[in-house]
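Here's the structure, in structure tokens; my notes come after.
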Amino acid sequence: MLSRDFLRKNLDQMPRLLRGRAYDPGALERWGALDAERRALMTSAEGKRSERNAVSAEVGKKRKAGQDADAEQERSRSLGEEIAALEARLAAIDGELEESEKALPNVPHESVPDGDDEKGNVVVKVQGTPRAFAFEPKAHWDLGPALGILDFERAAKITGSRFTVLSGAASLLNRALIQLMMDLHTREHGYTELLPPFVVNSASLFGTGQLPKFEQDLFRLAGTDWFLAPTAEVPVTNMHRDEILAEEILPLSYCAYTPCFRAEAGAAGRDTRGLIRQHQFDKVELVKFVRPEDSPGQLERLTRDAETVLERLELPYRRVLLCRGDMGFSSAKTYDLEVWLPGQAAYREISSCSSFEAFQARRAAIRFRRSAPGGKGKNEFLHTLNGSGLAVGRTLVAILENFQESDGSVTVPEALRPYCGGLASIRPPGAS
RNA sequence: GGAGGAGUGGCCGAGUGGUUUAAGGCGGCGGUCUUGAAAACCGUUGAGCCGCGAGGCUCCGGGGGUUCGAAUCCCUCCUCCUCCGCCA
């Protein structure tokens, strides 16, 4: 959410600031008129309330002194009616203002390139060279079943499409990857690990920006205010909802492994094969709470922290700076990390690292007390960032496809072996 | 799930209808004193909003109600605690 102050000052600039982003221009115009009316009504209502408070106190005083206070009582009562009328109008205006504010996307950072879709994204870095195969590399949806470690059909029986059973080495590797990522981020990158609830309420989803606009992407527990978390970003960012943090503890860095649940409405027909787009997947998430002046540097660091996982696993990837039109609703700036998948001969997203500036902090009321020499500092909204470090299922896919051999086996990357009992190679059933 | 109890400023805690614009304490900050520190003493110290300003308004877990007037009374929801039941 953008601040009212910012909207007021930049109302005529908003079309330029939000160019390329999805929003309703008519809502902006209405916002301006409503805001002015709201402030006028407020001044009037507060004046009346002030008078009523005084008159009301007079009633008490006179009564105590045994005097007649009927005139004051009547005046207070009629003021009360006037106030109630003004307040009803105010509440209606407030509701409308909030509706339009909630629906406005974040203003992109100035370093974000123009563009309407992924064609406007900019590759800022390419790391590693895709391996030259002496044979036709298979896609993981062929490799996995052949190795007997990915079972799509039985998962469809148990639940439905876009679910998978991992068995044997796939389950082991998945577990090892989580462990490797969590160890790396906690021991080498300074993150504090959390195991948050996987179920979140609507207030939390509003705080990070999934609600109210994107409920169709979520699984809701029937008859409740609870949803399966679509990403650990939601529970972890909302850790500090409605809090005022001390400046000294910033930057705060958390990492958390959670399963993630997404309804994938509107993705019908896309990535229907394999592990790429599932209703349930594991992810290690990185979340930071930082001072506003630190957020650009911290986005670079967080993105590096995610890249380090790919480098440890010897996976070729590239870093892409998303253009204005391809960013998420809440983001001010986003880097996607894309891993090379030989089976598709393409780079595919494996991490998305974003700075939200104060957009989420405002929605979730997360502030910090700026320390000032000789006394009290001001409370300010802090900046939040997060990124996948990494999406575990897609990392498993990348390992299977990049490290496959001509005999159908898959070599386990060196860095992962200590986490899976020294397993060096995954072999097809029956192979020696 | 059943029965009780409780939610007040960073923390503890007083307040059961009208100078409470929330007492007091702790903690924090500033100062006096001191070579320095501690102690003691003095002062200061919640959040948000409206207003050019003076100033004003709102907030005592959330929401609703009663009243001229609500932290205080009523309804409802949430959370926590105790006991019972159930359970990994």
Side-chain angles (χ1 to χ4, degrees), chain A residues 1-9 11 31-98 101-102 195-207 211 221 223-227 235 238-250 252 259 289 358 361-382:
Chain A
M1 212 153 51
L2 303 166
S3 79
R4 286 198 173 165
D5 196 47
F6 179 86
L7 285 170
R8 224 169 266 152
K9 286 180 179 152
L11 200 55
W31 188 92
L34 287 168
D35 178 57
E37 187 182 355
R38 170 180 167 273
R39 286 187 287 164
L41 283 171
M42 213 160 194
T43 304
S44 166
E46 285 181 1
K48 288 181 192 299
R49 210 182 274 116
S50 175
E51 186 184 348
R52 188 194 58 181
N53 287 349
V55 172
S56 219
E58 195 61 27
V59 173
K61 229 182 258 178
K62 284 202 165 182
R63 276 223 189 140
K64 221 165 219 174
Q67 296 173 312
D68 170 84
D70 287 357
E72 285 82 358
Q73 195 164 312
E74 172 54 24
R75 173 72 185 141
S76 181
R77 196 197 53 74
S78 78
L79 277 169
E81 280 174 8
E82 292 176 41
I83 291 164
L86 287 172
E87 277 179 342
R89 175 73 186 134
L90 258 176
I93 289 177
D94 249 325
E96 280 192 66
L97 280 172
E98 271 172 39
E101 286 160 4
K102 284 176 189 171
L195 185 65
F198 305 159
V199 176
V200 295
N201 61 30
S202 60
S204 292
L205 288 158
F206 175 77
L211 290 180
L221 303 188
T224 72
D225 183 46
W226 290 351
F227 300 78
N238 281 281
M239 276 269 291
H240 296 297
R241 174 151 48 85
D242 296 318
E243 291 185 18
I244 302 174
L245 306 175
E247 181 176 6
E248 293 69 40
I249 68 170
L250 303 180
L252 256 184
F289 299 82
R362 223 173 270 120
R363 294 169 81 96
I366 311 169
R367 290 169 290 176
F368 75 104
R369 192 182 310 283
R370 176 83 73 177
S371 44
K376 286 251 154 190
K378 279 188 58 181
N379 295 330
E380 290 178 45
F381 290 108
L382 46 69

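Lettering follows sequence order; numbering is per chain, from 1.
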Exercise. Expressed in whole Å, how much space separates the C1' atoms belonging to B/U82 and B/G15?
Worked result: 26 Å
For this session: Pick the P atom in B/U66 and in B/C74, then give their distance to the nearest Å.
Result: 15 Å
Seminar exercise, completed: Exactly one candidate in A/Arg370, A/Arg369, A/Arg367 meets side chain to side chain donor-acceptor pair (under 3.5 Å) with A/Asn379; the answer is A/Arg369
For this session: May I have the distance from A/Ile244 (atom CD1) to B/G9 (atom P), rounded to whole angstrom?
Result: 12 Å
For this session: Using salt bridge (Lys or Arg N to Asp or Glu O under 4.0 Å) as the criterion, list what pairs up with A/Arg4, not counting sequence neighbours.
Result: A/Asp94, A/Glu101
Problem set entry | Between B/C57 (C1') and A/Glu51 (CD): distance, integer Å | 14 Å
Exercise. For A/Arg367 and B/G10, what is the distance between atoms CZ and P respectively, to the nearest whole Å?
Worked result: 10 Å
For this session: State whether A/Arg77 and A/Glu74 are salt-bridged, where the test is any N-O pair (Lys NZ or Arg NE/NH1/NH2 against Asp/Glu carboxylate O) under 4.0 Å.
Result: yes
For this session: Determine the Euclidean distance between corresponding C1' atoms of B/G18 and B/G25; express it in Å to zero decimal places.
Result: 28 Å
For this session: Sticking with atom P, work out how far B/G2 lies from B/C77, rounded to a whole angstrom.
Result: 11 Å
Exercise. Is any NZ, NE, NH1 or NH2 atom of the basic residue among A/Arg52 and A/Glu82 found under 4.0 Å from an Asp or Glu carboxylate oxygen of the other?
Worked result: no
Seminar exercise, completed: Rounded to whole Å, CD of A/Glu247 lies from P of B/C29 at a distance of 15 Å
Problem set entry | Rounded interatomic separation in angstrom, taking CG from A/Asp242 and C1' from B/G9 | 16 Å
For this session: Go through the steps to decide whether A/Ile244 and A/Phe368 satisfy the test side-chain contact (heavy atoms from CB on, under 4.5 Å), and finish with yes or no.
Result: CA-CA 5 Å; A/Ile244 302 174; A/Phe368 75 104; 5.7 Å; no
Problem set entry | Distance between P atoms of B/U58 and B/G69 (Å, rounded) | 13 Å
Problem set entry | Distance, P atom - from B/U8 to B/G13, rounded to whole angstrom | 9 Å
Exercise. In whole angstrom, what separates A/Asn201's CG from B/G62's C1'?
Worked result: 13 Å
Exercise. Is any side-chain N of the basic residue among A/Asp68 and A/Lys62 closer than 4.0 Å to the acidic one's carboxylate O?
Worked result: no
Exercise. With rounding to whole Å, what would you report as the distance between B/C12 and B/C83 at their C1' atoms?
Worked result: 27 Å
Exercise. What's the CG-P distance between A/Asp225 and B/G62, to the nearest Å?
Worked result: 17 Å
Problem set entry | side chain to side chain donor-acceptor pair (under 3.5 Å) partners for A/Asp5, two or more places apart | A/Lys9
For this session: Any chance you could lay out the side-chain hydrogen bond (donor to acceptor under 3.5 Å, both in side chains) test for A/Arg362 and A/Ser3, step after step, and finish with the verdict?
Result: CA-CA 8 Å; A/Arg362 223 173 270 120; A/Ser3 79; 4.6 Å; no
For this session: Specify the separation, in whole Å, of atom CH2 of A/Trp226 and atom C1' of B/C78.
Result: 12 Å
For this session: Pick the P atom in B/A39 and in B/G30, then give their distance to the nearest Å.
Result: 15 Å
Problem set entry | Contact nearer the 5' end of RNA chain B, comparing A/Gly60 with A/Arg52 | A/Gly60
Exercise. Please, what dot-bracket string fits RNA chain B when only Watson-Crick and G-U pairs with both distances under 3.5 Å count, crossing ones use [ ] and pairs to another strand use |?
Worked result: ((((((((.[[[..)..(.....]]]((((((.......))))))(((((....))))).[[[[[..)....]]]]])))))))....
Exercise. Residues two or more places apart in sequence or in another chain: which of them pass side chain to side chain donor-acceptor pair (under 3.5 Å) with A/Lys102?
Worked result: none
For this session: Tell me, please, which residues at least two apart from A/Ser202 pass side chain to side chain donor-acceptor pair (under 3.5 Å).
Result: A/Asp225
Sub-3.5 Å pairs of nitrogen or oxygen atoms, protein against nucleotides 49-56 of chain B:
{"unit_1": "B/C50", "atom_1": "OP1", "unit_2": "A/Arg8", "atom_2": "NH2", "d": "3.4"}
{"unit_1": "B/C50", "atom_1": "O2'", "unit_2": "A/Thr43", "atom_2": "OG1", "d": "2.9"}
{"unit_1": "B/G51", "atom_1": "OP1", "unit_2": "A/Arg39", "atom_2": "NH1", "d": "3.4"}
{"unit_1": "B/G56", "atom_1": "O3'", "unit_2": "A/Ser50", "atom_2": "OG", "d": "3.1"}
{"unit_1": "B/G56", "atom_1": "N2", "unit_2": "A/Glu46", "atom_2": "OE1", "d": "2.9"}
{"unit_1": "B/G56", "atom_1": "N2", "unit_2": "A/Glu46", "atom_2": "OE2", "d": "3.3"}

